Amino acid sequence: MQDSLGQNQFFWNGDGWFRDLLNPSTEIGARFADALLRNLAFSLVALLIEIPLGIAIALCLPRRGWTIGPLLVIIALPMLIPWNVVGTIWQIFSRADIGLFGAALTGLGLPYNVTQEPISAWSTIVVIDVWHWTPLVILLVYAGLRAIPDAYYQAARIDAASRWATFVKIELPKLQKVLVIAVLLRFMETFMIYTEPFVVTGGGPGSATTFLSIDLVKIALGQVDLGSAAAMSLVYNLITLTLCWIFFTIMTQLDRRRYA
Amino acid sequence: MGADIVSDAGLAEVRGRSRPVAAGSLSGALPKLGFAVYLLALMLPIYWLVNMSLRSNEDITSRLAFWPHHPSLEKYFFILGDPTWTHAFLVSLTYVAINTVISVTVALPAAYAFNRYHFIGDKYLFFWLLSLLMAPAAVYAMPFFNLYYAIGLFDTVWAVALAHCLFNVPVAVWILEGFVAGVPREIDEIAAIDGYSFPRFFIRIFLPLIANGVGVTAFFCFMFSWVEQLLATTLTATDALPFAAVMTRSYSVAGMDWSLLAAAGVLTMIPGAVVIWFVRNHIAKGFALGRV
């Protein structure tokens, strides 16, 4: 709510920063609204891919046998790579001239170019996130599946329930707790995503991958517009908090209704 | 009767093992194909990382090579032969191990309490834990720095281990609570009737029942602490410099050393792979109840 004019002199700006930020007709407001929408779309797409894919892969994993160990190790590998290395791998991997991913897509005749094409850049960030974090969902769901007592499956078999019915009536309700955690963790991380776009695309081309956190750093450190940046981080944090609270409440309400 | 729970659980496990078709997993050609495609897609970037680590920098940036034409382990020998790197590797392992032990031990009773007891504001307190994850780590870096500097913890493995509890404890509590909820309350009651003291019940009966959850939680704590860089780098200077901090050096000195970074990346995957190998049986352990 204050701004600095240098030499540690601050002036009082009331709610000015907030009014500008939340008003899409101002420059900063339009920028914020854009970044917010872009980020929400990104989080939504990432969640819609990662959660169903994670459940499906967890269901495909064998329940016992010697293959479990090696398979779990392979699946967990992407998560164990530090953030900066993930960015570096993909920086090379997605280049059309020296990277396999980029070369393969260009070879298929797609106009793929991370530094030029907004759609390529945006979808590359989604692919990276899916590659990096679907394993988290898989491991959580797999452990959750294994925690379902055998008696439930025996009951399903006695009732001659179909595979789909077993999934919807037994597995999904029992996985609910684990899924709440998976959804919340993934939502928070995709909503605050920074390193991947920063390293791979730098927020560009144009502003195609300028997500909220990237925009925030640009405003705060790039333009040294501390007042706007501070207002933006507060609003950003409140949005994250509210959305998580909504997810949490909806998912726990469903639970309560089921056992009521 | 309490002992029966345990022995019956064992019996059910044996019965389960003799069943030819595993219940609860997908079988058939299409899921198998999809699974194989996913594994392939997952492995490709990792293969590329290994590929990069065996090639020279000029080779990486000049052409597309599906396999290293002149493979060399030079970068690996460089890392393993340099005391800065090996020391940093051990430092990282130490604080991650300390953090995992603290997080899981603290989170177990907390998760049990959140699920089994009701108190004023329990739902809000539970949610508040998660809100600690909603701010970027950078927000906490300065307060931690000041605090640790004042009490002399700065640049020690404990500084990083304790700072990482900030996000690992909430994650652990949340995951474990889900698994605690899966255990019927009747188990607690039966054990109490059978004369189990609470600590004995918790360790002998309850913990084995949520082994999947503990396995997954331990791995996640390890993983999140292992890949976290910002706090680890800010809170250390020389004695407890983490692996990640040494890794970022490969950017600045004479341009980007892609090959060295790739080799370091390959090496960082090994400890986590070992951890998940050790907890694999816990994660995949079937839940089997005797009489309820």
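The model shown is predicted, which means the values in this text are computed figures rather than measured ones. Convention: sequence-line order gives letters A, B, ...; per-chain numbering from 1.
Residue B:A264 does not touch chain A at all, counting heavy-atom pairs closer than 4.5 Å. Within the 4.5 angstrom heavy-atom criterion, only side-chain atoms of A:M188, from C-beta onward, approach chain B. For A:I170, no part lies under 4.5 angstrom from a heavy atom of chain B. Heavy atoms of A:I138 lying under 4.5 Å from chain B belong exclusively to its side chain. Looking at A:I75, both its backbone and its side chain come within 4.5 Å of chain B, counting heavy atoms on both sides. Only the side chain of B:V171 comes within contact range of chain A, with heavy atoms under 4.5 Å apart. With a 4.5 angstrom heavy-atom cutoff, B:F167 does not touch chain A via any of its atoms. Proximity to chain B involves both the backbone and the side chain of A:T240, based on heavy atoms less than 4.5 angstrom apart. Interface residue B:A273: backbone and side-chain heavy atoms are both found under 4.5 Å from chain A. Heavy-atom distances place the side chain of A:V180, and not its backbone, under 4.5 Å from chain B. Heavy-atom distances place no part of B:I270 under 4.5 Å from chain A, backbone and side chain included. Using a 4.5 Å cut-off between heavy atoms, A:W245 contacts chain B through both its backbone and its side chain.
Looking at every heavy atom in both residues, B:P45 comes nearest to A:W90 through CG-CZ2, 3.7 Å.
How far CH2 of B:W174 is from CG of A:L185: 9.0 Å, rounded to the nearest 0.5 Å. To the nearest 0.5 Å, atoms CZ (B:F219) and CG (A:L72) are separated by 9.0 Å. Taken from CD1 in A:I92 to CG in B:N51, the straight-line distance is 10.5 Å, to the nearest 0.5 Å. The structure places CG of A:N237 at 8.0 Å from CE of B:M134, a figure rounded to the nearest 0.5 Å.
Counting heavy-atom pairs closer than 4.5 Å to chain B, the top-ranked of the candidates A:L139, A:V130, A:T134 is A:L139. Between chain B and the residues A:F191, A:Y142, A:F167, A:Y236, the largest count of heavy-atom pairs under 4.5 Å involves A:Y142. Contact count against chain A (heavy-atom pairs under 4.5 Å) is highest for B:I46 among B:V279, B:V266, B:I46, B:V274.
Within a 6.0 Å sphere centred on CG of A:L48, other residues, nucleotides and ligands contribute more than 12 heavy atoms.
Between the side chain of A:W131 and the backbone N or O of B:L42, at least one donor-acceptor pair lies under 3.5 Å.
Residues A:L80 and B:T268 form no side-chain contact, since every pair of their non-hydrogen atoms from C-beta on lies 4.5 Å or further apart.
Listed by first then second residue, pairs satisfying salt bridge (Lys or Arg N to Asp or Glu O under 4.0 Å) with a partner in residues 39-56 of chain B read B:R55-B:D59, not counting sequence neighbours.
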